[in-house]
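Beneath this line is the structure, given in structure tokens, with notes to follow.
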Amino acid sequence: MTWVASVDPLFAHGVTWVVALIVAIKVLAGFSMLMGGVILMIWFERKAISDMQSRIGPQRWGPFGLLQTLADGLKLILKEDLVPAQADRFVFKLAPYLVLLPALVTFAIIPIGGTLTIAGHPVMLQVVNPPMGILVMLAMSGISVYGVMLAGWASGSKYPMLSSVRASAQMISYEAALGMTIVTIVLATGSLSLHNIVASQAGGVWHWNIIRLGVVPFVVFIIAITAELNRPPFDVVEAESELVGGFHTEYSSFRFAIFFLAEYMNTITMSAIIVTLFLGGPAGWIPNVSHLRFLFPIAWFLVKTVGFAFCYIWFRASLPRFRYDQLMDLGWKRLIPLSLGWMLIVAGFLVARGWGFIMAAAVVLAWTFLSRAFELGQSRESGPDSVLPVVGERPLPGARLRSMTNDEEEK
Amino acid sequence: MIAGAYAVPSVLIFVTCVVLILVGAVGVITVKNPVHAALSLILTLLGVAVAFVAQSADFLAAVQIIVYAGAIVVLFLFVIMFLGVDTRRHVEIEPLVGQRAFAAVGVVVTVGGLITLMAKSHWVSGALSVSNGGQPIATGQGNVQQLGTAVFTTYLFAFEATAALLIIAVVGAVLLARRERAVASEDVGS
């Protein structure tokens, strides 16, 4: 248990009941922050989208409709709980919790402020600071794939099944690009722990990873994480026009509420992760006051996180959904090579300036080869004959129908 | 002996891991439904990850979940779902002749080997000689740094060779799976 003390100074002098109490309070505070955040986030999303679409949005319950989410949640819980006859009952009931659990765990590793001193104990404003740090996030996003995948499979129904196949393919594809950008950050920081990642970005805006690493990893990360969240424009998993409701079509009542809750928890958590990795987390200007100085980092953190949460809402309101093959193209042919190449360049510059330029040249060369390869591969078709060509390259039903009727007329 | 040598929390953690691992492992071979078997496998992998954390191997624990639970079992499930082998089929005929006999021999050899190993070694780590008297071999850098240094200096050749092997395997798989077909662009409008 020595490693615990090395990452969190709270445990340096053994575990007394005060320390246990502080940990319990931290866990409760993190949990209630996330839950409260979800309620506000759902309200914020509905209000913001309403504004963008010239509607009013929720307004009945509470001031500005703030309590609408609570009312909806209560309504959902009181609804009848259905399990389809074709469903695999155990997995069907297990799946929502497999989505909820990673959403809760990931938030626990995010530092939301500096270090306080309570009753003589240094307390980091972070529920836990595991030595594997950011890898916990990757592991948890790996686990949350199961929730979506098994929910679709266990429903015993066609559209949820299609959705779960899409979900697993999409989340695994984008995890690669996500991992590469995280490697870039870890290279520059020299540590996996989120506390150290934040600490290494201290000292002004110019030290934030978004600028220090060039803007490319940030852009790749935000695209990949939106795909990982299955949020628009990457929401092919629950595309209403194609798949009814996606993997949670057959879910009702509280289990549906859990899926909904987990989705919004993930949105908040991922906004917070972006802030932590690229925007210095709680870093920001602190006025010269004698008391309550610890509140300012928390405020900065919240402001930045809300900014990114708003970005997700903005994406949803303004961008059309990707087609499935476009989504896969973007993931495999653009983001993965880009993040890999940028990682090499950053690694080169970390060694020496000369190596950086050599790496940049190598990446440009590789990129030329790759784009030539894509060009050559474009006109080739592969796979068994039963596979239909990609949507954009095959005639639409209308054109086909027209050609058939034309034929009829000629005869 | 156990209570004397180890603190109660670590024994509790160890027992929890063992229960997770064993229940999962038994589940994989006894459950009829392939998807449930895959889920049991995840339980085992999680148990192993917890055991790694208890042994201060944080990086291994994270990688265990990311790679095995997060990618490989997802792939298994993907195949099971796509091929639709989740219908319960009673296999009465053995696919391989004499596989039960071979399995029995395999089990005896493995269990026997494990028991001999455990009788002669440290009962938790399985090491024949515990070099540091049961203490973790720490240099004060933290587990991840130590592992990284070892992989990129002492074991660099093995590491790079594994990487090359994996790339070759992927390229080979793509080549085998890829089947060119004649471009049928003429019949589009006809």
Side-chain angles (χ1 to χ4, degrees), chain A residues 1-4 6-7 15 88 90-91 94 98 130-146 149-150 152-154 156 161 164-165 167-169 171-172 175-176 179 186 190-193 379-385 387 389 393-395 399-400 402-404 406-407, chain B residues 7 9-10 13 31 33 35-36 38-39 42 45-46 49 52-75 77-78 80-82 84 86 135-136 138 140-145 148 174-175 177-185 187-190:
Chain A
M1 284 293 147
T2 45
W3 61 272
V4 179
S6 68
V7 289
V15 182
D88 184 314
F90 174 70
V91 181
L94 176 76
L98 284 182
M132 60 274 216
I134 190 67
L135 291 182
V136 172
M137 183 213 126
L138 282 180
M140 286 303 132
S141 73
I143 297 290
S144 66
V145 177
Y146 286 109
M149 199 173 180
L150 291 172
W153 174 79
M161 175 74 191
S164 77
V165 171
S168 39
M171 285 162 111
I172 289 181
E175 228 162 64
V186 171
S191 171
L192 289 171
S193 135
S379 57
R380 298 214 301 199
E381 288 183 51
S382 63
D385 290 328
V387 176
E393 292 161 13
R394 73 168 182 253
R400 221 163 157 169
R402 215 171 299 124
S403 70
M404 280 163 78
N406 283 348
D407 279 2
Chain B
S10 30
I13 292 170
V31 169
N33 189 326
V35 173
H36 291 181
L39 281 178
I42 299 168
L45 295 173
L46 286 181
F52 277 144
V53 173
Q55 297 287 315
S56 300
D58 310 294
F59 184 76
L60 272 185
V63 168
Q64 170 87 9
I65 294 182
I66 294 170
V67 174
Y68 283 93
I72 291 180
V73 183
V74 169
L75 211 64
L77 277 176
F78 210 69
I80 293 170
M81 285 175 172
F82 255 134
D86 51 344
Q135 294 301 309
Q141 285 178 307
N143 177 271
V144 182
Q145 278 91 335
V174 169
L175 263 181
R178 195 183 164 95
R179 213 171 295 151
E180 296 273 337
R181 61 175 171 170
V183 182
S185 56
D187 65 339
V188 162
S190 62

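A note on names: the letters A, B, ... follow the listed sequences, proteins ahead of strands, and every chain is numbered from 1.
Contact annotation for Val73(B): both backbone and side-chain heavy atoms come within less than 4.5 Å of a heavy atom of chain A. There is no contact between Ala154(A) and chain B, counting heavy-atom distances below 4.5 Å. For Leu39(B), the part lying near chain A is the side chain, with the backbone staying farther off; criterion is any non-hydrogen pair under 4.5 Å. Only the side chain of Met161(A) has a heavy atom closer than 4.5 Å to any heavy atom of chain B.
Nearest heavy atom pair, residue Val74(B) against residue Met149(A), reads O-CE, 3.6 Å. Nearest approach of Asn33(B) to Trp153(A), heavy atoms of both residues: ND2-CH2, 3.9 Å.
Scanning residues 134-141 of chain A against chain B with a 4.5 Å non-hydrogen threshold yields Leu135(A), Leu138(A), Ala139(A), sorted by number.
Scored by the side-chain contact (heavy atoms from CB on, under 4.5 Å) test, Leu98(A) finds Leu94(A), Tyr146(A), Leu150(A) as partners (sequence neighbours excluded).
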**OP:** Before giving the answer on side-chain contact (heavy atoms from CB on, under 4.5 Å), spell out for Asp88(A) and Val35(B) the whole-Å C-alpha distance, their side-chain angles and the decisive distance to 0.1 Å.
**Re:** CA-CA 10 Å; Asp88(A) 184 314; Val35(B) 173; 5.8 Å; no
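Within a 6.0 Å radius of CZ in Phe52(B), more than 12 heavy atoms belonging to other residues, nucleotides or ligands are found.
We find the CD1-CE distance between Ile66(B) and Met132(A) to be 9.0 Å, quoted to the nearest 0.5 Å.
In this structure, Leu192(A) and Phe59(B) have side chains that are in contact, with non-hydrogen atoms separated by less than 4.5 Å.
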